[in-house]
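Start at 1 with the first residue, then count along the sequence.
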Amino acid sequence: MEGADVVETKKGTISVASAFPAHKEAVQDRDHKFLTKAVDEAYKGVENGDGGPFGAVVVLNDEVVAACHNMVLKHTDPTAHAEVTAIREACKKLNKIELADCEIYASCEPCPMCFGAIHLSRIKRLVYGAKAEAAIAIGFDDFIADALRGTSFYQKSQLEIKRADGTQAIIAEQVFEKTKEKFQMY
C-alpha cells in the first residue's frame with residue numbers, strides 16, 4: 001500500500017490506518033480545532049478575571065461536552081484549574097464519573113493535580129499545547145514541571161509530609177476494609 005507504514009505481525013502483514021498521510025492530517029486538523037478552543041478558553045478566563053491563562057475542552061465523539069477555563073480566582077478555589085473544572089462539568093453533563101470514551105484538550109501541560117484528575121476520570125486521550133515551562137516563565141510554580149518529570153518537587157514544597165503512625169493509621173486503613181462491601185467503584 002503506497003503511502004502507508006506497514007506493520008508485520010505473527011499472522012501476516014497489516015496496514016496501520018493512522019499511518020496513512022491523510023489520516024494523520026485529519027487527526028492533526030481535529031486536534032488543532034479542539035486545542036484552539038482550549039486556548040480560546042484560556043484567553044476568556046483572563047479577560048473575565050476568573051483565573052490564570054489556562055483552558056480545557058472535554059470531547060466525546062467529536063462534540064465538545066465541556067469547555068472551561070481556570071476559575072481559581074472567581075471561585076476562590078485553588079483546585080478550580082481548567083482541566084478539573086472541565087472534567088467536573090463533563091461528568092455532570094454525562095451523568096457519570098468515568099469518561100473513558102472522552103478526550104481532553106488542554107492549553108498547557110497539566111499540573112500533577114490535573115493529570116491526576118484526568119487519570120482518575122479514565123479519559124482516553126490528552127492533547128496539550130504549551131509546555132509547563134511557558135507557565136513557569138510568567139511566574140507559575142515550577143514544581144509542576146518537576147513533578148511531571150519526577151524531579152524533587154517535594155523539596156520545593158513548603159509542606160511537611162508525614163504519614164500518621166500507630167492507632168490513627170490503623171483506624172484510617174480500616175475504613176477501606178469496613179466499607180468495601182457497601183461501595184463499588186464502577
Side-chain angles (χ1 to χ4, degrees), residues 1 3-5 7 9 14-135 140 144-145 147-149 180 182-186:
M1 290 188 179
D5 292 333
V7 175
T9 66
I14 60 169
S15 293
V16 179
S18 62
F20 289 98
H23 178 75
K24 285 182 179 179
E25 191 174 309
V27 169
Q28 286 176 335
D29 289 348
R30 184 177 171 281
D31 287 351
H32 182 263
K33 171 183 153 184
F34 293 123
L35 191 55
T36 297
K37 180 113 176 104
V39 170
D40 289 346
E41 280 292 325
Y43 281 114
K44 181 179 170 184
V46 172
E47 289 168 14
N48 293 342
D50 293 337
F54 303 96
V57 176
V58 175
V59 175
L60 172 64
N61 299 326
D62 289 334
E63 296 292 325
V64 173
V65 176
C68 298
H69 53 265
N70 183 292
M71 302 289 276
V72 167
L73 298 177
K74 181 175 184 171
H75 295 311
T76 319
D77 177 358
T79 69
H81 291 196
E83 298 91 336
V84 172
T85 304
I87 289 168
R88 288 174 181 160
E89 188 173 313
C91 287
K92 285 179 189 174
K93 282 185 178 177
L94 299 172
N95 195 32
K96 59 185 183 176
I97 61 169
E98 187 174 288
L99 302 174
D101 47 354
C102 295
E103 300 167 285
I104 191 165
Y105 291 82
S107 63
C108 187
E109 187 174 14
C111 74
M113 177 186 69
C114 292
F115 185 78
I118 292 164
H119 171 76
L120 291 172
S121 68
R122 306 293 192 252
I123 287 176
K124 68 179 178 181
R125 186 168 182 255
L126 159 67
V127 177
Y128 68 88
K131 298 218 25 100
E133 286 78 8
F140 284 90
I144 295 170
L148 290 166
R149 290 159 185 79
K180 71 180 179 184
K182 295 177 184 176
F183 180 77
Q184 298 297 314
M185 278 298 287
Y186 301 103

Check your understanding: What is the minimum heavy-atom distance between C102 and I123, and which atoms define it?
Key -> O-CG2, 3.4 Å

Review point. Which residues pass the side-chain contact (heavy atoms from CB on, under 4.5 Å) test with A67, sequence neighbours left out?
Key: K37, E41, V57, V64

Point to revise | side-chain contact (heavy atoms from CB on, under 4.5 Å) between T79 and M113, worked out | key: CA-CA 8 Å; T79 69; M113 177 186 69; 3.9 Å; yes

Exercise for review: Looking only at non-hydrogen atoms, find the nearest pair between S107 and F54 and report the distance.
Suggested key: OG-CA, 3.4 Å

Check your understanding: If every non-hydrogen atom of A90 is compared with every non-hydrogen atom of L99, which pair is closest and at what distance?
Key -> CB-CD1, 4.1 Å

Point to revise | Contact summary for R88 and A80, nearest pair of heavy atoms | key: NH1-CA, 4.4 Å

Point to revise | Flag side-chain contact, heavy atom, 4.5 Å: K74 against N48 | key: no

Point to revise | Atom pair SG (C114) and CD1 (I104), whose distance is rounded to the nearest 0.5 Å | key: 8.0 Å

**Study point:** Candidate list K96, R125, K124, test salt bridge (Lys or Arg N to Asp or Glu O under 4.0 Å), partner D101, passing option
**Key:** K96

Revision key, fill the gap. The complete set of salt bridge (Lys or Arg N to Asp or Glu O under 4.0 Å) pairs with one or both residues in residues 60-72, sequence neighbours excluded, reads R30-D62

Practice item. Starting at CD1 of I118, measure out to CD1 of I87 and round the result to the nearest 0.5 Å. Key: 5.0 Å

Exercise for review: Can you sort out the partners of A134 under side-chain contact (heavy atoms from CB on, under 4.5 Å), two or more places apart, ordered by chain and number?
Suggested key: A130

Point to revise | Working for side-chain contact (heavy atoms from CB on, under 4.5 Å), residues T36 and H32 | key: CA-CA 6 Å; T36 297; H32 182 263; 3.6 Å; yes

